[in-house]
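When a residue number appears, it is its place in the shown sequence, counting from 1.
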Amino acid sequence: VDVVINNAGIMPVTPFAEESDDSIRRQLDINVYGLIAGTQLAIERMRPRGSGHIVNVASSAGKAGVPGIATYSGTKHAVVGFSEAIRAELRGSGVEVSCVMPVTVNTALTEGVSDTRGVKKVEPEDVANETLDALEVPRFDVFIPRSLRFTIAGGVLLPRSWREAIARFMGIDKIMT
């Protein structure tokens, strides 16, 4: 195994207070546990050889909470944090780790979700191309579109109230509802 791409996820859209226990557990099983198990199996095969690349697909929702998909956002935050920790554990082993964080991707998962101000859906081919680029020239943070990196990096420098106001202006608070 040279490359493992952990790319599975479900995204039920519902206010968190109304979300069922089954929905929460299913998201944790698929979005988090499946990715962790896949990563562990990949490490078992790659580390002894001293080479390989693990790609964990998260979401831009893993960097900012999105109303209407609170559990999904939480699972993708878990993927980002887990991937950061694994990368640190594997430093110097020859095994690379990348974390892919696209905005809304034009797939069945996001059918019916509209664009927000300044952020349009990306195509699956965009995600594939950026992932391939990260395999050729390894990098951890794979933001899609790449300009998202600056938005997120700049956002953390702002006070929370400003970030929340900008998100409301962009329509992120209503995108999933």
Side-chain angles (χ1 to χ4, degrees), residues 1-113 121-122 124 126-128 130-135 138-144 148-149 152 156 172 175-177:
V1 176
D2 295 313
V3 176
V4 168
I5 300 176
N6 290 305
N7 180 34
I10 59 170
M11 185 181 73
V13 178
T14 186
F16 179 71
E18 299 170 17
E19 190 167 9
S20 72
D21 188 55
D22 286 344
S23 173
I24 294 167
R25 286 181 190 278
R26 190 157 184 255
Q27 286 178 81
L28 289 168
D29 282 347
I30 293 170
N31 300 4
V32 181
Y33 181 75
L35 180 134
I36 289 172
T39 299
Q40 192 170 47
L41 291 169
I43 291 169
E44 288 174 6
R45 287 155 179 80
M46 294 175 177
R47 191 169 32 196
R49 284 198 335 257
S51 68
H53 200 129
I54 299 166
V55 177
N56 290 331
V57 180
S59 165
S60 59
K63 290 289 195 174
V66 180
I69 55 169
T71 301
Y72 176 84
S73 291
T75 65
K76 295 306 180 174
H77 273 74
V79 169
V80 172
F82 171 77
S83 299
E84 289 172 346
I86 293 307
R87 179 175 187 253
E89 286 187 21
L90 293 172
R91 189 174 323 278
S93 71
V95 179
E96 296 287 343
V97 177
S98 295
C99 187
V100 176
M101 295 167 280
V103 294
T104 308
V105 181
N106 190 21
T107 64
L109 183 73
T110 61
E111 201 170 292
V113 175
K121 284 184 182 178
V122 296
D126 300 325
V127 178
E130 289 295 331
T131 301
L132 286 172
D133 284 351
L135 293 173
R139 69 183 193 276
F140 177 78
D141 294 309
V142 183
F143 292 107
I144 306 156
L148 184 62
R149 180 182 87 183
I152 290 174
V156 298
I172 292 171
I175 189 170
M176 293 299 168
T177 57

**Request:** Only counting residues at least two apart or in another chain, list the ones meeting side-chain hydrogen bond (donor to acceptor under 3.5 Å, both in side chains) with Asp22.
**Result:** none

**Message:** Please determine whether side chain to side chain contact (heavy atoms under 4.5 Å, CB included) holds for the pair Ile43 and Ile86, giving the CA-CA distance in whole Å, both sets of side-chain angles, and the decisive distance to 0.1 Å.
**Reply:** CA-CA 10 Å; Ile43 291 169; Ile86 293 307; 3.9 Å; yes

**Message:** Looking at every heavy atom in both Tyr72 and Gln27, which two are closest together, and how far apart are they?
**Reply:** N-OE1, 3.2 Å

**Message:** Is the shortest side-chain heavy-atom distance between Phe140 and Val97 below 4.5 Å?
**Reply:** yes

**Prompt:** So among Arg25, Glu19, Arg26, which one has a side-chain hydrogen bond (donor to acceptor under 3.5 Å, both in side chains) with Ser23?
**Reply:** Glu19

**Asked** With respect to Met46, which candidate in Asp2, Leu90, Val4, Val3 satisfies the side-chain contact (heavy atoms from CB on, under 4.5 Å) definition?
**Response** Val4

**Request:** Return the set of residues passing side-chain hydrogen bond (donor to acceptor under 3.5 Å, both in side chains) with Asp126 (not counting sequence neighbours), or none when no residue passes.
**Result:** none

**Asked** So Lys76 and Val80, side chain to side chain contact (heavy atoms under 4.5 Å, CB included) or not? Walk me through it.
**Response** CA-CA 6 Å; Lys76 295 306 180 174; Val80 172; 5.8 Å; no

**Request:** Evaluate the side-chain proximity of Glu130 to Phe143: yes if any heavy-atom separation is below 4.5 Å, no if none is.
**Result:** no

**Fill in**
Rounding to 0.5 Å, atoms OG1 (Thr14) and CD1 (Ile69) come to a distance of 12.0 Å

**Prompt:** If you take all heavy atoms of Val79 and Asn31, which pair is closest and at what distance?
**Reply:** CG2-O, 3.5 Å

**Asked** Val127 and Pro102: which non-hydrogen atoms are nearest, and at how many Å?
**Response** CG2-CB, 4.0 Å

**Complete:** Tightest non-hydrogen contact, residues Gly65 and His77, listed as N-CE1, 4.0 Å

**Prompt:** Atom CG in Asp29, atom CD1 in Ile36: separation rounded to 0.5 Å?
**Reply:** 10.5 Å

Just list the side-chain donor-acceptor pairs under 3.5 Å for residues 50-57, sequence neighbours left out, or say none.
from	atom 1	to	atom 2	distance (Å)
His53	NE2	Ser98	OG	2.7
Asn56	OD1	Asn6	ND2	2.7
Asn56	OD1	Thr39	OG1	3.4
Asn56	ND2	Ser83	OG	3.0

**Item:** Over all atoms of both residues, closest heavy-atom pair of Ala58 and Met101
**Value:** CB-CG, 4.1 Å

**Request:** Count the heavy atoms of every other residue, nucleotide or ligand shown that sit under 6.0 Å from CD of Glu44, and state whether that count exceeds 12.
**Result:** yes

**Prompt:** Is there a donor-acceptor contact under 3.5 Å from the side chain of Ser73 to the main chain of Val66?
**Reply:** yes

